Structure formats: C-alpha cells, structure tokens
Amino acid sequence: MSVIAASARIHPLAVVEDGAVIGENVVVGPFSHVGPHVVLKDNVELVSHAVVSGRTVIGKGSRIFPMAVIGGVSQSLHEAGEDSTLTVGENCTMREGVTMNTGTVGGGGKTVVGDNCLFLANCHVAHDCQLGSGIVMSNNVMLAGHVHVADRVILGGGCAVHQFTRIGRQAFVGGLSAVNYDVIPYGMLNGNPGLLGGLNVVGMTRAGMERATIHIVRRAYKAIFEGEGNVRANAIAVRDEFLDCPEAMEIIDFIGTESDRAISSPFRRKG
C-alpha cells in the first residue's frame, strides 16, 4: 500500500505505483512514473516525464527534470535482478536525461549520492558508484561502475571515468577528459588520456584554504610527483615532513590507500 502525504501534489497524468512512499509537499508532475519501491522524501519535485524506479530513495528538496531515469537496473553484464538500492541525498538536482542505476550484489548492492549535488543534462551514474556531497557533474559526464567521487569534485562536460576509479576531494576534471586512473584530492586533470596538471588552486582558494596551506600542499605535490622515486614511494618518503598539514596528508593517505587503479600523474604512461 502506498503512503502519500496529504500535502503531496500528484498530477492526474502521473503514475504512482502501489507501495511508493510520498512525503510532504512532494510534487509529481505530468507523465512522471514512480515505482512501487520508491521513497520520495519531503519537498521532492519531479518536474514532468521523470521516471524513478527500483529500490530508490530521493532525499528532501531534490528535483528531477524531464526524461531523467533514476533507479534503473544496472547495465552490468552480471545483472541478474537481485535486490539492490540507490540512495540520493538532499537538495540534489538531476537535469534532463540524467540516468542513475542501482547497485549490484557483487559490488555491494548500493549506489549512493550525497547532498547538494548538481547533475547537468545527460549525465550517467552507473552501478555501485559512491558519490560525496557538493559534486558538480556538467553535461554528458559518464561514471562507469564502482567509481568513488569525494566531496566538492567538479567534472567538466563530456568527461568519462573508468570503472573502479577514485577521484579525491575538491579535484577538478576538465571537459572531455578520460579519467583512467585515480585523481588525488585537490588535483586538476585534463586530456585524453587524462594527465595531472597540478593542483586545483582556484577551488582551494574558493573553499577558504589559507595561502600558506596551499603553499605547503604545493610543496608536497612537487615532492611526490617530481621526486626521483615512483609516486607511492615518494609519498611514503615525505610523510613525516607533512604530518602537521591535514590537506597534504589527505593526498599522501589517498596515494597510500589500496586501489584497483594507478594514480594519475603529470606524465604519459608508456606501453
């Protein structure tokens, strides 16, 4: 049985299947379709022609625009119809044509999106992705399965992110870039294949990071990526030098974390 708040406004040309949970002041616009296992929290709006399906929860104040399909089954070749979920946080905007898939059992069964994220037209979030808060995905950005994107990352239009890749907090990825390897926190990546072009100093400044701290992080970056050893060895070697700078340590710890992908660097890989 559906649970529909009295203050919800459901257009007569919309379909809300039995079992859906509709919160206070939710708006379901014409020709939208809400599946039987969907939860729309308070103040959610489906503008029109939007589809929310699967075991999906949409957080308070989020908006979904026409032709978006949120909560569809994964496109994994191993998809077998098992129960899996998609959770979208509060105050997220999913513009026209955005698609987000539920998880897969083999990948943990959960696709998760944080709060205050903006997904512009025709973005795709694949199965088992884990996204933080304050993320901006410009038009036509594509995330493959199992991608992790941390808080306040900006992804430029048309960029594609390889499966199992991690993108660290406040990184910036330029438009049309191919993200084949992990991107460090505060990193700035461009190109195909994507190469690390330094630090996202503009983003760091806008976030209120002090200039002295930015200089320390720059020094850590140079020691890691311009040192004589490989990236991981350099990060271990300089660790003690930057223990008093949490931002530099964030990069060092990111590099030291086990991952399915290598670390993006300023240099093109051979072979």
Side-chain angles (χ1 to χ4, degrees), residues 17 19-21 32-41 44 46 50-65 67-155 159-169 171 173 179 182-183 259-261:
E17 294 197 43
V21 177
S32 294
H33 189 150
V34 180
H37 305 295
V38 170
V39 177
L40 304 181
K41 296 291 186 71
V44 166
L46 278 57
V51 175
V52 185
S53 60
R55 298 184 181 277
T56 298
V57 177
I58 305 295
K60 293 180 180 179
S62 292
R63 300 184 75 201
I64 303 175
F65 281 72
M67 307 307 170
V69 180
I70 310 301
V73 297
S74 79
Q75 299 176 70
S76 169
L77 294 175
H78 305 292
E79 172 63 44
E82 308 98 333
D83 286 345
S84 58
T85 64
L86 166 66
T87 302
V88 177
E90 298 182 1
N91 301 312
C92 290
T93 299
M94 290 144 274
R95 292 301 304 252
E96 295 80 1
V98 169
T99 54
M100 294 184 181
N101 295 160
T102 55
T104 61
V105 171
K110 298 179 180 180
T111 304
V112 178
V113 176
D115 300 331
N116 303 304
C117 293
L118 173 60
F119 302 89
L120 297 185
N122 300 309
C123 290
H124 176 63
V125 178
H127 58 89
D128 305 298
C129 285
Q130 307 290 308
L131 275 59
S133 296
I135 293 166
V136 177
M137 287 174 50
S138 300
N139 299 310
N140 303 302
V141 171
M142 299 168 286
L143 303 184
H146 313 277
V147 167
H148 284 222
V149 183
D151 295 347
R152 297 178 63 104
V153 166
I154 296 176
L155 299 167
C159 74
V161 183
H162 192 284
Q163 61 263 33
F164 293 100
T165 297
R166 299 177 299 148
I167 302 179
R169 187 165 69 94
V173 176
V179 187
D182 292 348
V183 182
S259 175
D260 291 290
R261 308 298 297 163

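Computed over heavy atoms, backbone and side chain alike; hydrogens, waters and symmetry mates excluded. Keep in mind it's a predicted model, so treat the numbers as computed, not measured.
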TODO: Check whether any side-chain heavy atom of Leu143 sits under 4.5 Å from a side-chain heavy atom of Val149, and report yes or no.
DONE: yes
TODO: Report the distance from atom CD of Glu96 to atom CD1 of Ile64, rounding to the nearest 0.5 Å.
DONE: 12.0 Å
Open item on the list: Rounded to the nearest 0.5 Å, what separates atom CG in Asn139 from atom SG in Cys159?
Closed with: 11.0 Å
Task: From SG (Cys92) to CD1 (Ile58), nearest 0.5 Å - done: 8.5 Å
- [ ] Output all residues satisfying salt bridge (charged side-chain N to carboxylate O under 4.0 Å, His left out) with Arg63, sequence neighbours left out; order by chain, then residue number.
- [x] Glu45
Open item on the list: Ignoring hydrogens, what is the shortest heavy-atom contact between Thr102 and Ser74? Give both atom names and the distance.
Closed with: O-CB, 3.8 Å
- [ ] Please confirm whether the backbone N or O of Asn101 pairs with a side-chain atom of Thr111, one donor and one acceptor, at under 3.5 Å?
- [x] yes
Task: Criterion side-chain hydrogen bond (donor to acceptor under 3.5 Å, both in side chains) on Glu17 and His33, from CA distance to verdict - done: CA-CA 8 Å; Glu17 294 197 43; His33 189 150; 2.7 Å; yes
Task: Polar contact flag, side-chain donor to acceptor under 3.5 angstrom, Asp182-Thr165 - done: no
- [ ] Please report the shortest heavy-atom distance between Gly103 and Ser84, naming the atom on each side.
- [x] O-OG, 2.7 Å
Open item on the list: Which residues pass the salt bridge (charged side-chain N to carboxylate O under 4.0 Å, His left out) test with Asp128, not counting sequence neighbours?
Closed with: none
- [ ] Find out whether Val98 and Ile70 are in side-chain contact, i.e. whether some heavy atom of one side chain is under 4.5 Å from a heavy atom of the other.
- [x] yes
- [ ] Answer with yes or no whether the side chains of His124 and Gln75 bring together a donor and an acceptor at under 3.5 Å.
- [x] yes
Open item on the list: On the six-membered ring of Phe65, is Arg95 placed so that its NZ or CZ lies under 6.0 angstrom from the centre and within 45° of the ring axis?
Closed with: yes
TODO: Please tell me if the side chains of Val161 and Ile167 come closer than 4.5 Å, counting only heavy atoms from C-beta onward.
DONE: yes
Open item on the list: Which heavy atom of Ala144 sits nearest to which heavy atom of Ala126, and what is that distance?
Closed with: C-CB, 3.5 Å
- [ ] Could you tell me whether the side chain of Gln130 and the main chain of Gly132 form a donor-acceptor pair under 3.5 Å?
- [x] no
Task: Separation between CG of Leu131 and SG of Cys117, rounded to the nearest 0.5 Å - done: 6.0 Å
Task: From Met100 atom CE to Met94 atom CE, the distance as rounded to the nearest 0.5 Å - done: 5.5 Å
Task: All pairs passing salt bridge (Lys or Arg N to Asp or Glu O under 4.0 Å) where residues 82-91 contributes a residue, at least two apart - done: Arg55-Asp83
- [ ] Kindly assign one of parallel, tilted or perpendicular to the pair His146 and Phe164, based on the angle between their ring planes and the thresholds 30° and 60°.
- [x] parallel
Open item on the list: Evaluate Lys41 against Val57 for side-chain contact (heavy atoms from CB on, under 4.5 Å), listing each step before the verdict.
Closed with: CA-CA 7 Å; Lys41 296 291 186 71; Val57 177; 4.1 Å; yes
Open item on the list: Between Ser138 and Leu155 (side chain of the first, backbone of the second, donor and acceptor by atom type, cut-off under 3.5 Å), is there such a pair?
Closed with: yes
- [ ] Any chance you could measure Ser62, atom OG, to Leu46, atom CG, to the nearest 0.5 Å?
- [x] 10.0 Å
Open item on the list: Within the 4.5 Å heavy-atom criterion, are Met137 and Ile154 side-chain neighbours or not?
Closed with: no
Open item on the list: A side-chain contact here means heavy atoms from C-beta on lying under 4.5 Å apart; do Val183 and Arg166 qualify?
Closed with: no
